[in-house]
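Notes follow once the structure below has been shown.
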Amino acid sequence: MKKILIFLGPPGAGKGTQSQLLQERNNYLQLSTGDLLREAVKEQTQLGLKAKSFMEQGKLVPDDLIIQLIDQKIQEIPDKNLILDGFPRTISQAEALDKLLENQNLKIDAVILFDIDQEEVVKRLSGRRVCQKCGAVYHIVYNPPREDGICDKCGGKLIQREDDKEEVIRKRLEVYNSQTIPLVEYYQDILIKIDATLDKEEVYKKIISVV
Ligand code: ADP
Ligand code: AMP
């Protein structure tokens, strides 16, 4: 593995969008715990069955399940730069990650903090649509597909995530503020803050210029 980056920021800040750009244009691989969990729920695996109700309520899935998932995935990563998108989300996940990387003689190169206020995030999340087939991310106003409801990349159907409904969005932001914000201090020595309110190409340029 080459570089390891962590994308930190509230839901809706654009972490997935930027991970997908880096994956398409540069030699990065996105590892999104949210995507892995949604896949597990869809496939009704053991993990999926356990995670489902937490996700529907906008709560975090218990740390032990997430750490187990990452432990297994990180061993399968090819020789690429890695983006951890949506992980870690708690101090104990961060501590577990440190141990896991230490055992493999790896280290985190940078933590990119997506700086954006919560009102903007609510607008982004409520207009977000994702491709049911390939997971590409759109927004009905900020990043619309060429054809309404259809993925530009694979022709799949665009849907709204269950947890992108108003009440769940509020809960997810509350959870971010209480459980994930402490990571800003935890990673203060390797933290790079970027302005996530900019247009997606501008955000991309900023990330490329710092990594
Ligand atoms: P996260 O992975 O952090 O939850 P996403 O990448 O899914 O966030 O983005 C949330 C929503 O905001 C999506 O609908 C996406 O199309 C839109 N979006 C992402 N980046 C930007 C941007 N720079 N400007 C405007 N909208 C954006
Ligand atoms: P995301 O796609 O990153 O917005 O994550 C969607 C949901 O998956 C979250 O609201 C959590 O329920 C769950 N989830 C994703 N990543 C984690 C994580 N690192 N720790 C705990 N729960 C997670």
Side-chain angles (χ1 to χ4, degrees), residues 6-23 30-42 47-48 50-71 73 83-97 112-131 135-145 151-152 158-165 167-176 178-180 183 194-207:
I6 290 176
F7 280 5
L8 182 65
K15 304 180 298 296
T17 299
Q18 295 302 326
S19 304
Q20 288 179 359
L21 287 180
L22 283 150
Q23 189 164 266
Q30 172 195 24
L31 192 63
S32 154
T33 41
D35 286 349
L36 292 170
L37 289 167
R38 278 184 290 279
E39 189 62 33
V41 170
K42 204 158 113 194
L47 170 67
K50 288 183 193 153
K52 189 168 188 274
S53 72
F54 294 101
M55 295 173 76
E56 282 171 352
Q57 295 173 66
K59 294 181 180 164
L60 292 184
V61 172
D63 286 335
D64 56 332
L65 294 178
I66 298 289
I67 291 162
Q68 222 178 321
L69 173 70
I70 283 286
D71 190 5
K73 285 287 162 189
I83 298 170
L84 294 173
D85 168 13
F87 172 87
R89 261 176 151 101
T90 62
I91 295 281
S92 60
Q93 289 181 19
E95 288 169 348
L97 177 64
I112 310 287
L113 176 65
F114 285 62
D115 188 27
I116 186 166
D117 67 47
Q118 304 223 332
E119 247 169 77
E120 189 55 35
V121 147
V122 173
K123 282 190 213 153
R124 287 192 182 181
L125 290 175
S126 44
R128 171 160 67 185
R129 298 293 182 271
V130 293
C131 175
V137 182
Y138 298 87
H139 189 282
I140 50 175
V141 179
Y142 304 141
N143 184 25
C151 179
D152 292 347
L158 303 185
I159 54 159
Q160 182 173 36
R161 274 169 48 174
E162 279 302 316
D163 60 352
D164 280 345
K165 309 271 159 75
E167 330 74 77
V168 192
I169 290 177
R170 298 277 164 210
K171 177 68 191 169
R172 287 161 66 207
L173 291 176
E174 222 178 274
V175 166
Y176 176 76
S178 60
Q179 294 179 257
T180 308
L183 293 180
I194 55 143
D195 180 359
T197 59
L198 300 171
D199 155 81
K200 83 171 178 184
E201 291 299 332
E202 292 300 316
V203 177
Y204 172 76
K205 278 189 216 150
K206 291 251 166 197
I207 295 175

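Along the sequence shown, residues are numbered consecutively beginning with 1. When a ligand or atom number is given, it counts from 1 through the structure's own listing order.
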- prompt: For atom 5 (P) of ligand 1, which candidate among Arg129, Arg128, Gln20 provides the closest heavy atom?
  reply: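 Closest candidate by heavy-atom distance is Arg128.
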- prompt: Can you list the atoms of ligand 1 that are under 4.0 Å from a heavy atom of Thr17?
  reply: 5 (P), 6 (O), 9 (O), 15 (C), 19 (C)
- prompt: What are the atoms of ligand 1, with element, lying closer than 4.0 Å to any heavy atom of Asn143?
  reply: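 By the 4.0 Å cutoff, the relevant atoms are 16 (O).
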Just to confirm my output: which protein heavy-atom neighbour is closest to [atom], and how far is it?
atom	value
atom 4 (O) of ligand 1	Gly12 N, 2.7 Å
atom 8 (O) of ligand 1	Gly14 N, 3.1 Å
atom 7 (C) of ligand 2	Met55 CE, 4.0 Å
atom 23 (N) of ligand 1	Leu198 O, 2.7 Å
atom 17 (C) of ligand 1	His139 CB, 4.1 Å
atom 1 (P) of ligand 2	Arg89 NH2, 3.5 Å

Check whether [X] reaches the backbone of [Y] with its side chain - one donor and one acceptor, N or O, closer than 3.5 Å.
X	Y	value
Glu162	Glu56	no
Tyr142	Gly127	no
Lys171	Gln57	no

Indicate yes or no: does an N/O atom of [X] lie under 3.5 Å from an N/O atom of ligand 1?
X	result
Arg124	yes
Gly16	yes
Tyr138	yes
Ala13	yes

field: Gln30 and Gln20, any side-chain heavy atoms less than 4.5 Å apart
entry: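 Gln20 vs Gln30: side chains touch.
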query: Would you say the side chain of Ile91 lies within less than 4.5 Å of the side chain of Leu183, judging by non-hydrogen atoms?
result: yes
task: Considering only NZ, NE, NH1 and NH2 on the basic side and carboxylate oxygens on the acidic side, decide whether Glu167 and Arg170 come within less than 4.0 Å.
output: no
task: Show which atoms of ligand 2 fall inside a sub-4.0 Å distance from at least one heavy-atom site of Leu37.
output: 8 (O), 13 (C), 14 (N), 15 (C), 23 (C)
query: What atoms of ligand 2 come closer than 4.0 angstrom to any heavy atom of Gln93?
result: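 So the atoms of ligand 2 that pass are 18 (C), 19 (N), 20 (N), 21 (C).
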Would you say [X] has any N or O atom under 3.5 Å from an N or O of ligand 2, going by distance alone?
X	value
Gly86	yes
Thr33	yes
Arg128	no
Asp35	no
Val61	yes
Lys59	yes

- request: Under the salt bridge (charged side-chain N to carboxylate O under 4.0 Å, His left out) rule, what do Asp163 and Arg128 come out as? Steps first, then yes or no, please.
  value: CA-CA 11 Å; Asp163 60 352; Arg128 171 160 67 185; 5.2 Å; no
field: Arg161 near ligand 2 by a heavy-atom separation under 4.0 Å
entry: yes
- request: May I ask whether Arg38 places a heavy atom under 4.0 Å from ligand 2?
  value: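 For ligand 2, residue contact (heavy atoms, under 4.0 Å) with Arg38 is present.
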message: Is the contact between Leu60 and ligand 2 made by the side chain, the backbone, both, or neither, using heavy atoms and a 4.0 Å cut-off?
response: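 The answer is both.
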